[in-house]
Amino acid sequence: MVPTMGTLHAGHLSLVEAAAAKADAVVVSTFVNPTQFGPSEDFDAYPRTEAEDVKKLTGRGVDVVFAPNAAEMYPQGFATSVTVGGPAAGLETDFRPHFFAGVATVVTKLLLAARPHFAFFGEKDYQQLLVVKRLTADLNIGTEIIGRPTVREADDLGLSSRNAYLDGAARRSASRLPAILRYVVVALEAGAPVETALADGHTALEREGFEVDYLALCDAATLAAPKFGAARRLLVAARIGSTRLIDNMAVAAEA
Ligand code: PAF
């Protein structure tokens, strides 16, 4: 299974390709899940391109496109929510407190509906990937969760359906975000003090016009504070105009 919210781009299609290479049958869901949007977020504006999505999936080894509506997923009387601790704590949750309960609930429903052997998620939403791994293990769902690398534009911006909101100037600034992340990764791997590297990254983002929600170095497996010798991950969420971007990169363990 490849769970998506539709408006498919090359990042989604790389997940579909990986799924088709691994599994006998592939289900792609394209449900724009209302419960993961906050009241002041972009649920109504979120792009919806169902007919184009189905076209894009044609000839890619997809057996089923599951595109339910909100009433089918959340019928009257629906009263259950899946709440995840561990990797869901902090980062996105500090700024979008509703988000992971919405994601965890819908992903649980999608996986229980399709009962796939494997489900594919992009590393672009790195915290989401770890939350989904946690919930499938904790709830014995029996699906192996496979994370796949972020697909990037030619200028390095991570692909996201929300990139469609970026106009000329904001789009140019957005393309600086990965470069700043890479600069922080290089500094950290060269042994710069974590606080200094993060503060420099923060300043560089602000200089490009970003309002930074967080720029954090975490344990790559748990998102807790990194321990010496553990693989690390640098995660960022920052707003340019009215568009909020997230990204992340691997950082080698301290040696
Ligand atoms: O990453 C997404 O597109 C969504 O959060 C997901 C996993 C499909 C749940 O709605």
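What you see below is based on every heavy atom in this structure, not just the backbone, and it leaves out hydrogens, waters and symmetry mates. Ligands are counted one by one from 1 in listed order, and the atoms in each one are counted from 1 as well.
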> Does Leu234 belong to the same Ile/Leu/Val/Met/Phe/Trp/Tyr cluster as Val212, with side-chain heavy atoms less than 4.5 Å apart forming each link?
Replying inline: yes
> Who are the side-chain hydrogen bond (donor to acceptor under 3.5 Å, both in side chains) partners of Thr93, not counting sequence neighbours?
Replying inline: none
>> Classify the ring geometry of Phe43 against Phe37: parallel below 30°, tilted from 30° to 60°, perpendicular beyond 60°.
In response: perpendicular
>> The criterion is side-chain hydrogen bond (donor to acceptor under 3.5 Å, both in side chains); which residues satisfy it with Arg232, sequence neighbours excluded?
In response: none
>> With side-chain hydrogen bond (donor to acceptor under 3.5 Å, both in side chains) as the criterion, how do Tyr46 and Asn33 come out once you've worked through the C-alpha distance, each side chain's angles and the decisive distance to 0.1 Å?
In response: CA-CA 10 Å; Tyr46 197 84; Asn33 174 36; over 6 Å; no
Where does ligand 1 get N/O contacts under 3.5 Å from the protein, atom by atom?
unit_1, atom_1, unit_2, atom_2, d
ligand 1, 1 (O), Gln128, NE2, 2.8
ligand 1, 5 (O), Gln36, NE2, 2.9
ligand 1, 5 (O), Gln128, OE1, 2.7
ligand 1, 10 (O), Gln36, OE1, 2.6

> By side-chain hydrogen bond (donor to acceptor under 3.5 Å, both in side chains), which residues pair with His117, not counting sequence neighbours?
Replying inline: none
